[in-house]
Amino acid sequence: MTPGYIYYALGAPYAGGTAPLDSQEVFLTLGLDTILSPTLTAYKEIDHYHQWYFLLGVSHNIEFNKIISLKLSASASYLLSTDENTYAKYNSKALPRRINIIISMMGLFPLLPIAVYKTLSVAPTISYVFPLCDDAKYEMQGRGLQGVANPSDRIVHTFMAE
């Protein structure tokens with residue numbers, strides 16, 4: 001069990017844009033030391049946005065030797081806003097409108113941690129994130145940075161390598 005606190009100093013999403021209010025969250029993570037190492041984290045925004053965010057994850061580590069291992073993980077998330085005035089729901093055209101929102105997304109994250117020194121490792125990561133429902137799809141399109149000027153044409157499946 002791990003409790004925590006996060007402070008988000010939020011800036012404008014683009015030059016000349018309006019900066020949102022800063023945000024604060026408390027969270028609690030519960031995990032089991034068993035097959036697939038399941039974890040459940042609940043985040044509660046306590047400042048302005050009045051929302052809950054839940055993250056369920058599983059992972060498995062495959063050790064090749066003492067230096068290199070492969071960590072496979074997946075997670076699903078769920079966002080519940082309880083204040084229609086502080087969190088926009090995106091419609092099918094990926095345009096914001098004020099209403100309560102429930103979204104869910106899924107991510108797959110293979111890591112390849114490489115031990116460089118006793119207390120230092122490097123972990124190249126490949127991530128694939130995709131929506132699990134239409135609400136999540138519309139939000140990803142509306143908030144997305146990729147794609148064209150028309151928000152509904154933006155990409156919602158994201159593949160990243162770091």
From [atom1] ([X]) to [atom2] ([Y]), nearest 0.5 Å:
{"X": "Leu70", "Y": "Glu63", "atom1": "CG", "atom2": "CD", "answer": "11.5 Å"}
{"X": "Thr29", "Y": "Leu40", "atom1": "OG1", "atom2": "CG", "answer": "8.0 Å"}
{"X": "Ser23", "Y": "His48", "atom1": "OG", "atom2": "NE2", "answer": "7.5 Å"}
{"X": "Leu30", "Y": "Leu56", "atom1": "CG", "atom2": "CG", "answer": "11.0 Å"}

Verify the cluster assignment for [X] and [Y]: are they in a single hydrophobic cluster under the rule of side-chain heavy atoms below 4.5 Å apart?
{"X": "Leu55", "Y": "Leu36", "result": "no"}
{"X": "Leu72", "Y": "Ile114", "result": "yes"}
{"X": "Ile62", "Y": "Val58", "result": "no"}

Member of Tyr53, Tyr8, Trp52 meeting the side-chain hydrogen bond (donor to acceptor under 3.5 Å, both in side chains) criterion with Glu25: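 So, applying the side-chain hydrogen bond (donor to acceptor under 3.5 Å, both in side chains) to Glu25 and each of Tyr53, Tyr8, Trp52, only Tyr8 qualifies.
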
Which atom of [X] lies closest to which atom of [Y], heavy atoms considered:
{"X": "Asp22", "Y": "Asp47", "answer": "O-OD2, 3.8 Å"}
{"X": "Asn65", "Y": "Ile68", "answer": "OD1-N, 2.8 Å"}
{"X": "Asn61", "Y": "Ser69", "answer": "OD1-OG, 3.6 Å"}

Taking atom CD1 as the centre, does Ile35 end up with more than 12 heavy-atom neighbours from other residues, nucleotides or ligands that are less than 6.0 angstrom away?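 Not more than 12 within 6.0 Å, no.
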
Linking Ile, Leu, Val, Met, Phe, Trp and Tyr by side-chain heavy atoms under 4.5 Å, what else ends up with Tyr117?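 For the cluster that includes Tyr117, the remaining residues are Val116, Leu120, Val122.
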
Could you identify which residues cluster with Tyr5, counting Ile, Leu, Val, Met, Phe, Trp and Tyr as linked when any side-chain heavy atoms lie under 4.5 Å apart, either directly or through a chain of such contacts?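 Its cluster partners, ordered by chain and number, are Tyr7, Val26, Ile46.
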
Ignoring hydrogens and angles, tell me if any N or O in the side chain of Gln24 forms a donor-acceptor pair with the backbone of Glu45 under 3.5 Å.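 No; zero donor-acceptor contacts below 3.5 Å.
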
Check whether the side chains of Ser73 and Ser59 place a donor and an acceptor atom closer than 3.5 Å, and report yes or no.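 Distance-only check fails for Ser73 and Ser59.
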
